[in-house]
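First up is the structure itself, then whatever we jot down about it.
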Amino acid sequence: MTRSRTQGLGLTLVLFFALIAVGCHKPAAAPPPQPPPATPPPPAPAAPTITLRAQPGQIDRGGSTTLQWDAKNATSVSITPGLGDGAVTGNRSVNPTSSVTYTATAMGPGGSATDTARITVNVPAAPSVAEEPRRNTTVTTDQLFTQNVKTIYFDYDKADIKPDQVSTLQGDAGWLKANPNVRFTIDGNCDERGSEEYNLGLGDRRANAVKEYLISQGVAANRIMTISYGEERPICRQETEECFAMNRRAAFTMNQ
C-alpha cells in the first residue's frame with residue numbers, strides 16, 4: 001500500500017509540473033498586417049496639339065481662301081483675328097482684304113498650343129492708261145491724281161502726322177475736295193524693322209491717321225478706303241535710315 005501510494009504521488013507531481021511548463025509557454029506573436037499597395041498617381045493629361053493651314057495661302061483681293069485646323073487633346077479652339085471659338089476640327093472660308101496672319105489656339109486639360117497661317121492678298125496694279133494719239137493733249141483724272149495727291153511720310157514707329165507733312169496733306173485735301181467724284185485708297189507702309197504682325201498694325205494706324213485728317217478737312221469718308229501692307233511693299237531696300245524713311249509712308253491710289 002505504501003509503495004503504490006508513493007508511485008501515484010510521483011505520477012501526480014510529474015503531471016502537475018508538465019501542466020505548469022505548458023502554461024508558461026507563450027504563443028508566438030502574429031506578424032503585423034502588411035500595408036495595402038500604393039495606388040499609382042493618374043497620368044498627367046496630354047498636352048494639346050494643333051495644325052492650322054490656309055488653302056490657298058495666296059489670293060487676289062476680292063477672292064477667298066479656306067482655313068483648315070485640326071486639334072488633338074483639346075476641348076476648344078479659338079482663332080484670331082475675328083473668327084472666335086470653333087470646334088476642335090473644322091474649316092472656315094475667309095476673304096481678307098489685306099494680307100493677314102491667323103492664329104489658332106487649342107486649349108485642354110494639358111495646357112494650350114498655337115499654330116499660325118499666313119494669307120497673302122495680292123492687290124492688282126492700277127491699269128495703265130492707254131497711249132493716246134499725240135494730237136490728244138487731254139490730261140486724265142488719273143494723271144492729275146498722281147500729280148496732285150502726294151505721299152505722306154512718318155517717323156520711326158509712329159503713326160502721328162508730322163508737322164512737316166501737314167502742308168502736303170492740306171494740299172492733298174484741297175485737290176480731293178475740288179474733285180468730289182474721285183474715290184481712292186490710302187495704303188499704310190512700314191520699314192522692315194519689327195515683326196510682320198506689328199508692322200501690319202502700324203501700317204493700318206498710319207493709313208487711318210491720314211484718313212481722319214482728310215475727313216477733318218472736309219473730304220467725305222465714303223470716298224476713302226484704307227489698307228495696310230506693313231513691310232511687304234518697300235520702295236527702297238537698302239538698310240540705311242534714308243531708305244527706311246522712304247518706306248514709312250501712306251500712299252494714295254485712285255480707285256477705278
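Since the structure is predicted, the reported quantities are computational estimates derived from the model, not experimental observations.
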Nearest 0.5 angstrom please: [X] [atom1] to [Y] [atom2], how far?
{"X": "T253", "Y": "M225", "atom1": "OG1", "atom2": "CE", "answer": "10.5 Å"}
{"X": "Q143", "Y": "T146", "atom1": "CD", "atom2": "OG1", "answer": "7.5 Å"}
{"X": "T185", "Y": "I227", "atom1": "OG1", "atom2": "CD1", "answer": "7.5 Å"}
{"X": "Q256", "Y": "D142", "atom1": "CD", "atom2": "CG", "answer": "5.5 Å"}
{"X": "R193", "Y": "N199", "atom1": "CZ", "atom2": "CG", "answer": "10.0 Å"}
{"X": "R61", "Y": "N95", "atom1": "CZ", "atom2": "CG", "answer": "12.0 Å"}

Using the rule that Ile, Leu, Val, Met, Phe, Trp and Tyr join whenever any side-chain heavy atoms are under 4.5 Å apart, tell me whether [X] and [Y] fall into a single cluster.
{"X": "L200", "Y": "L202", "value": "no"}
{"X": "I224", "Y": "L169", "value": "yes"}
{"X": "V210", "Y": "M246", "value": "no"}
{"X": "I215", "Y": "L176", "value": "yes"}
{"X": "W175", "Y": "V219", "value": "yes"}

Give the minimum heavy-atom separation between [X] and [Y], together with the two atoms involved.
{"X": "I59", "Y": "P96", "value": "CD1-CD, 4.2 Å"}
{"X": "I79", "Y": "A104", "value": "CG1-CB, 4.0 Å"}
{"X": "V77", "Y": "A87", "value": "CB-O, 3.7 Å"}
{"X": "L67", "Y": "Y102", "value": "CD1-CG, 3.7 Å"}
{"X": "E231", "Y": "G194", "value": "OE1-O, 3.4 Å"}
{"X": "T141", "Y": "M254", "value": "CG2-SD, 4.0 Å"}

Within the 4.5 Å heavy-atom criterion, are [X] and [Y] side-chain neighbours or not?
{"X": "S99", "Y": "R118", "value": "yes"}
{"X": "F154", "Y": "I161", "value": "yes"}
{"X": "C190", "Y": "R206", "value": "yes"}
{"X": "K150", "Y": "F252", "value": "no"}
{"X": "F184", "Y": "V149", "value": "no"}
{"X": "D187", "Y": "S98", "value": "no"}
{"X": "E197", "Y": "T103", "value": "no"}
{"X": "D115", "Y": "W69", "value": "no"}

Okay, side chain of [X], backbone of [Y]: is any donor-acceptor separation there less than 3.5 Å?
{"X": "N247", "Y": "I235", "value": "yes"}
{"X": "T65", "Y": "Q55", "value": "yes"}
{"X": "S112", "Y": "P48", "value": "no"}
{"X": "K72", "Y": "A46", "value": "no"}
{"X": "N189", "Y": "G203", "value": "no"}
{"X": "R183", "Y": "N222", "value": "yes"}
{"X": "R223", "Y": "V182", "value": "yes"}

Against D191, only a single residue in R248, R233, R249 fulfils salt bridge (Lys or Arg N to Asp or Glu O under 4.0 Å); can you say which?
R248
Is the number of heavy atoms from other residues, nucleotides or ligands under 6.0 Å of E241 CD greater than 12?
yes
In terms of heavy-atom contacts, does NZ of K158 have more than 12 from other residues, nucleotides or ligands at under 6.0 Å?
no
Check step by step if side chain to side chain donor-acceptor pair (under 3.5 Å) holds for D70 and T51.
CA-CA 6 Å; D70 183 23; T51 56; 5.1 Å; no
Distance-only polar pair, side chains of Q165 and T168, donor-acceptor under 3.5 Å:
no
Taking atom types as modelled, is there a side-chain donor on Y198 or D157 under 3.5 Å from an acceptor on the other?
yes
